[in-house]
Amino acid sequence: MPRPRKRLAGSAEPAGPDNKGPAGKRTKTKNPVGASAQVVNSSPQKTSASKTCGKYLSSYWLMKSEAESRLEKGVDVKFSIEDLKAQPKQTACWDGVRNYQARNFLRAMKLEQEAFFYHSNCKEPGIAGLVKIVKEAYPDHTQFEKNNPHYDPSSKEDNPKWSMVDVQFVRMMKRFITLAELKTHHQAHKATGGPLKNMALFSRQRLSIQPLTQGKSGPFLLYYSHTRMTM
DNA sequence: GCCAACGTTGGC
DNA sequence: GCCAACGTTGGC
């Protein structure tokens with residue numbers, strides 16, 4: 001059931017006894033028109049590069065989330081980038097990952113690293129926007145909640161199996177990058193040995209958290225930023 | 001440790 | 001809604 005589910009970022013929340021996050025719910029925000037005001041203009045690599053100046057900025061990630069409503073044990077697991085934007089501070093915890101490889105990537109994420117927010121299981125799958133890590137891995141509380149769809153009875157409080165991070169909205173993509181487009185490049189690069197030939201989205205089909213700029217994923221971001229394709 | 005059965009992911 | 005891909009489970 002590796003499947004990102006979020007709700008309010010844990011940090012400063014009052015965490016009541018039976019804290020069912022008020023959010024996470026049906027925020028069927030239909031992309032409010034004014035939303036584009038939040039779009040930042042600089043491209044991600046520019047911002048980070050100037051900031052780190054020489055420091056090595058290797059890691060970008062891809063995080064999948066379902067953009068359309070679907071019930072899992074009676075709970076709607078939808079969480080689109082619009083839902084993230086609607087959260088307080090535009091921040092949410094990324095709960096519900098129940099796959100070891102994906103979890104290990106979550107644990108490798110560092111503060112301020114950026115991730116592409118991918119919409120899965122929907123009409124138009126693809127990359128919708130950019131988010132950043134604002135809290136590094138800590139125990140995913142939903143693994144202990146009996147009525148949570150991602151409850152894991154085998155996980156013990158003194159040795160939690162599953163982790164989550166907090167992410168904050170950064171900006172939308174300048175244009176939505178469809179799965180079809182990504183696949184086209186991936187296919188071409190398989191033939192030519194291009195940078196996206198090993199992109200994990202295709203080689204590790206069901207992995208919900210994946211690196212984009214290291215390992216076998218290829219220099220995804222560099223590829224896009226070095227072509228006429230704007231993101 | 002093998003592997004068949006089963007469950008989940010996620011595009012189409 | 002179908003079903004391919006693939007991770008997990010559990011009998012042996």
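Below, chain A is the first sequence line, B the second, and so on; all start at residue 1.
Ring orientation note: the planes of Y223(A) and H189(A) are nearly perpendicular, at an angle over 60° on the 30°/60° scale. Ring geometry, F116(A) versus Y60(A): the interplanar angle falls from 30° to 60°, so the pair is classed tilted. The aromatic rings of F117(A) and W94(A) stand perpendicular to each other, their planes meeting at an angle above 60°, with 30° marking the opposite boundary.
Atom CD1 in I127(A) sits about 12 Å away from atom P in dG11(B), given to the nearest Å. The distance from atom CG of D152(A) to atom P of dT9(C) is 9 Å, rounded to the nearest whole Å. Across the protein-nucleic acid pair, R70(A) atom CZ and dG7(B) atom C1' stand 12 Å apart, rounded to whole Å. Between the CG atom of N121(A) and the P atom of dC3(C) there is a distance of 17 Å, given to the nearest Å. Atom OH of Y100(A) and atom P of dT8(C) are 7 Å apart (whole Å). Straight-line distance from the CZ atom of R98(A) to the C1' atom of dG7(B): 16 Å, rounded to whole Å. Distance L182(A) CG to dG10(B) P: 15 Å, rounded to the nearest Å. Atom NE2 of H119(A) and atom C1' of dT9(B) are 17 Å apart (whole Å).
In this structure, the side chain of K64(A) engages the main chain of L207(A) through a donor-acceptor pair within 3.5 Å.
Residue N99(A) places its side chain closer to dT8(C) than to any other of dT8(C), dG11(B), dT9(B). The side chain of Y118(A) lies closest to dG11(B) when the candidates are dT9(B), dG11(B), dC12(B).
K146(A) forms no cation-pi arrangement with F144(A), by the criterion of a distance under 6.0 Å to the ring centre and an angle within 45° of the ring axis.
End-to-end axis angle of the helix from dG1(B)-dC12(C) to dC12(B)-dG1(C), using five pairs per end and rounding to 10°, comes to 10°.
We find that R175(A) and E181(A) are joined by a salt bridge, their nearest charged nitrogen and carboxylate oxygen being less than 4.0 Å apart. For D83(A) and K78(A), the salt-bridge test passes: some basic side-chain N is under 4.0 Å from an acidic carboxylate O.
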Dump every N/O contact between nucleotides 4-6 of chain C and the protein below 3.5 Å, one line per pair.
| unit_1 | atom_1 | unit_2 | atom_2 | d |
| --- | --- | --- | --- | --- |
| dA5(C) | N3 | R206(A) | NH1 | 3.3 |
| dC6(C) | O4' | R206(A) | NH1 | 3.4 |
| dC6(C) | O2 | R206(A) | NH1 | 2.0 |

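When the side-chain nitrogen and oxygen atoms of K64(A) are compared with OP1 and OP2 of dG10(B), one or more of them lie within a distance under 4.0 Å. K183(A) has a side-chain polar atom (N or O) that falls below the 4.0 Å cut-off from OP1 or OP2 of dC12(B).
Under the 3.5 Å distance criterion, with hydrogens and angles disregarded, no donor-acceptor pair is assigned to the side chains of S208(A) and R98(A).
Among residues two or more places apart in sequence or in another chain, the side-chain contact (heavy atoms from CB on, under 4.5 Å) test is passed with K110(A) by Q113(A), E136(A).
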